[in-house]
Amino acid sequence: DSWSDYGSRDKPGTTLGRTVPDGNVLFPDIFHTDHLLFYERFRAYQDYILADCKASEVKQFIAEYLGKVLEPSGWQAIWRTDVFEVLVGVVGVNFLALKAVVQLSEPFLCESQDGSFTLECMQELLELKEHQILLQELWVVYDESGEFDQTALAIEHVRFFYQCIWRTWDEEEEDEFDYFVRCVEPRLRLHYDVLEHRVPSGLVADYQNLLAKCEELYEKFLNVRNSISSNDSDSEAENVSMVEGLKLYDKVEHLKQKLKLIENPLLRYVFGYQKYGSLQAKGLRPTGAKVTHVVPWTMTASLLHLLARDKLCQESCEGLEIQFHCDPLAAVNACYEGDRVIICPGHYVVDGVFCIADSVEIEGYGLPDDVVIEKQGKGDNFFDCTGANIKISNLKLVQHDAVEGILNVHHGKTTLENCVLQCETTGITVRTSAELLMKNSDLYGAKGAGVEIYPGSACTLLHNGIHHCKEGILVKNFLDEDYEAPKITMVNNMIHNNEGYGVVLVRPVMASEMKDASAQGTKGIFLFLEETRKTSKSSIPRQEQPGCVTDELELYKRAGTSEQTENNSEIANVLGATSAKKCQMHKKRLSELGFTEADDNLMSQKMFVSVEGNQFKWNGKGSFGIFLF
């Protein structure tokens with residue numbers, strides 16, 4: 001059998017580690033099995049436990065696996081609950097119920113929170129349970145012989161599965177799908193991505209909250225459904241319960257789809273999550289003064305003279321308060337409303353997050369390559385901006401080993417001018433209700449999108465370079481009724497050498513597109529990408545008479561100019577059409593509610609789009625794409 005090569009049954013001695021249980025009671029050591037690597041769990045579930053089973057067959061497959069590898073008796077374990085721990089001996093296994101038949105070990109070893117669980121209490125509790133305990137509540141006592149290695153591993157796999165993988169609604173999943181591929185693998189990958197700090201903490205919190213809410217609503221739905229099925233009468237109360245049950249079902253399905261988006265390693269970053277800045281602005285200083293903060297790498301007399309001439313004493317110096325700081329993060333943390341931070345040339349390495357909640361100005365004294373701020377250490381964010389009017393200029397920001405973008409604009413307006421941004425994950429994120437003005441800057445290296453534009457935001461990009469990212473600019477779905485269309489201005493930007501598209505729009509599939517997909521047998525979340533037309537050498541008409549080289553170059557130049565104009569027009573048209581579609585959807589909802597006249601506020605929600613003079617070159621998939629879900 002294929003299962004015989006898994007574990008250590010045929011090897012002399014144990015290959016597993018041991019760990020000492022916590023607490024005051026001297027329990028025997030237990031097997032250390034909760035440290036397994038991703039590929040070890042992946043292999044166990046795929047090759048030995050679940051294989052290609054359907055959701056309704058999960059329990060049966062697990063029982064068959066346990067019947068092959070689990071020792072039926074003769075081993076000890078610690079039975080752990082939220083209230084107590086007690087040492088038990090296993091005398092049998094009920095494989096179909098995934099339970100062990102146990103009895104209390106001698107001597108009696110038990111530890112509880114209040115010390116009230118005596119020998120008599122535990123014996124009475126076991127009798128009520130018919131001496132059968134869930135296997136995932138047992139931690140196998142360590143044995144050097146290796147005889148119980150597979151038993152310990154098998155119970156660890158069952159425990160991990162029901163704690164981290166299984167959902168109470170999984171049994172109702174459609175059986176034509178492979179359960180391992182559809183549910184186990186994405187959830188397992190998400191678990192290890194979280195452990196290895198590859199998922200933003202905000203997204204982890206969102207997932208946990210969604211999961212808890214979905215479990216709560218699903219339990220309510222089951223209660224309502226059971227109350228209906230147990231009552232055969234056609235009463236008004238039952239009709240009300242049916243309506244309530246349908247509403248709960250829709251809510252559960254909506255939450256399940258959100259969970260699946262986060263579980264999918266690609267879609268979790270495409271759709272992102274709503275993170276609201278909890279930063280509190282300090283406001284004005286109690287004295288009402290505004291301070292200029294200076295951060296020198298090293299201060300010399302000549303540098304101080306130049307600073308005084310160029311930055312500090314341009315107008316009146318009287319009453320000017322100056323504070324000196326050793327690093328940029330300390331300077332920003334000391335700021336109040338209206339303060340200014342001047343960073344002198346140097347390479348500054350910081351271990352922390354720039355949280356800017358007040359209207360402040362941060363500028364480098366010199367060229368961006370001369371004033372470098374590098375992020376050190378793991379962390380979610382680099383720059384978090386929630387101030388009403390923030391300006392950052394003449395800086396080079398370098399990000400390493402991150403799980404979130406280099407700059408997040410959560411609220412207010414942030415202006416980024418003459419900066420260089422060397423990214424790690426995504427680049428700049430403009431959240432709902434926030435505004436970004438980025439000009440004369442260079443952004444590169446993002447493993448996601450260089451700039452992410454959320455619904456209801458305003459983003460102005462002027463004379464920038466966005467290159468060598470996964471995607472250049474990503475416009476999030478704004479067709480949801482809760483969101484307003486974003487306002488987007490893109491003028492004279494150079495968007496080039498991105499792995500995917502120069503600009504990507506994310507939106508849901510329309511009803512007509514869904515019908516086409518159904519006709520083709522497409523199910524679930526799927527992806528379509530529209531690629532813009534590309535001009536190639538073969539598309540350029542040749543002259544009948546051979547001309548000089550300059551004439552041929554002029555033809556290429558005209559063709560390239562025509563293509564760039566077409567790209568700008570196509571992006572503006574598609575974004576504008578999508579915005580118009582939102583207006584139509586909104587008007588339809590209003591008419592369904594009885595409002596027949598168009599609302600002026602509704603018409604003002606149409607997306608403002610200005611896309612002119614941008615150049616798109618050498619992007620892997622084209623200038624513009626649409627991501628349909």
Side-chain angles (χ1 to χ4, degrees), residues 200-206 209 272-286 290-291 293 295 325 327-341 343 350-364 373 375 379-393 395 397 399 402-417 419 421 423-439 441 443 446 448-461 474 476 478 482-484 486-488:
S201 59
L203 187 56
V204 175
D206 278 2
N209 292 335
Y273 65 101
Q274 296 294 332
K275 177 179 178 179
Y276 300 96
S278 58
L279 305 175
Q280 295 295 322
K282 297 179 183 177
L284 292 172
R285 262 186 188 76
K290 295 181 179 180
V291 174
H293 304 264
V295 184
H325 302 269
D327 70 85
L329 187 57
V332 171
N333 290 340
C335 283
Y336 283 77
E337 182 78 14
D339 282 5
R340 182 186 185 193
V341 179
I343 304 175
V350 299
D351 189 359
V353 181
F354 287 85
C355 300
I356 310 172
D358 292 281
S359 296
V360 299
E361 182 177 344
I362 305 170
E363 63 175 304
I373 303 178
K375 177 76 162 64
D380 284 356
N381 311 314
F382 195 0
F383 275 74
D384 268 347
C385 300
T386 61
N389 193 1
I390 298 169
K391 184 175 180 181
I392 303 172
S393 60
L395 294 177
L397 307 180
Q399 184 185 33
V403 292
E404 275 202 52
I406 198 167
L407 188 146
N408 283 282
V409 187
H410 297 286
H411 304 291
K413 178 181 179 180
T414 295
T415 299
L416 201 66
E417 184 174 359
C419 289
L421 293 90
C423 307
E424 174 75 11
T425 51
T426 53
I428 299 174
T429 302
V430 192
R431 302 282 179 181
T432 301
S433 301
E435 181 179 354
L436 171 72
L437 169 58
M438 177 180 171
K439 56 184 179 180
S441 295
L443 185 153
V451 179
E452 289 187 355
I453 304 173
Y454 273 66
S457 64
C459 183
T460 301
L461 305 174
L474 189 145
K476 300 274 188 175
F478 55 86
D482 296 331
Y483 298 135
E484 293 183 3
K487 297 177 176 61
I488 301 174

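Fair warning: this is a prediction, and the values are worked out from it, not measured in the lab.
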Closest non-hydrogen atoms of Thr432 and Pro455, given as atom of the first, atom of the second and distance, are OG1-O, 2.9 Å
Rounding to 0.5 Å, atoms NE2 (His411) and SG (Cys385) come to a distance of 11.5 Å
In Ile343, Asp339, Val350, Ile356, the residue satisfying side-chain contact (heavy atoms from CB on, under 4.5 Å) with Val332 is Ile356
Practice prompt. Could you tell me whether Glu363 and Arg340 make a salt bridge, using a distance below 4.0 angstrom between a side-chain N and a carboxylate O?
Written response: yes
Distance col, row Ile488:CD1 vs Thr460:OG1, nearest 0.5 angstrom, shows 9.5 Å
To the nearest 0.5 Å, atom CG of Asn389 lies from atom CD of Glu435 at 9.0 Å
Ala446 and Gly427 have their tightest heavy-atom pair at CB-N, 3.8 Å
To the nearest 0.5 Å, atom NE2 of His410 lies from atom OG1 of Thr386 at 7.5 Å
List the steps, then state whether side chain to side chain contact (heavy atoms under 4.5 Å, CB included) holds for Ile428 with Thr414.
CA-CA 11 Å; Ile428 299 174; Thr414 295; over 6 Å; no
Under the 3.5 angstrom rule, does the side chain of Asp358 hit a backbone N or O of Gly283 as a donor-acceptor pair? yes
Verdict with reasoning, Phe383 to Ile406, per side chain to side chain contact (heavy atoms under 4.5 Å, CB included)
CA-CA 6 Å; Phe383 275 74; Ile406 198 167; 5.8 Å; no
So CG of Leu416 and CG of Leu443: to nearest 0.5 Å the spacing works out to 8.5 Å
| query | Is there a side-chain contact between Cys419 and Leu397 (heavy atoms, below 4.5 Å)? | reply | no
Heavy-atom donor-acceptor pair, Glu337 side chain to Ser359 backbone, under 3.5 Å: yes
Taking every heavy atom of Val295 against every heavy atom of Pro328, the minimum-distance pair comes out as CG1-N, 3.7 Å
For Ser457 and Tyr454 the tightest heavy-atom approach is OG-O, 2.6 Å
request  = Evaluate the criterion side chain to side chain contact (heavy atoms under 4.5 Å, CB included) for residue pair Asn408 and Arg431; output intermediate values, then yes/no.
outcome  = CA-CA 7 Å; Asn408 283 282; Arg431 302 282 179 181; 3.5 Å; yes
Side-chain (Ser441) to main-chain (Met438) donor-acceptor, under 3.5 angstrom: no
On a heavy-atom basis, the closest approach of Gln399 and Glu424 is OE1-N, 3.2 Å
### Message
Could you check whether any side-chain heavy atom of Phe354 comes within less than 4.5 Å of a side-chain heavy atom of Leu329, counting everything from C-beta outward?
### Response
yes
Shortest non-hydrogen pair, Ala357 vs Ala281, comes out as O-CB, 3.3 Å
For the residue pair Cys459 and Leu461, establish whether any side-chain heavy-atom pair is separated by less than 4.5 Å.
yes
* Asked: Between His325 and His293, how do the two ring planes meet: parallel, tilted or perpendicular, split at 30° and 60°?
  -> tilted
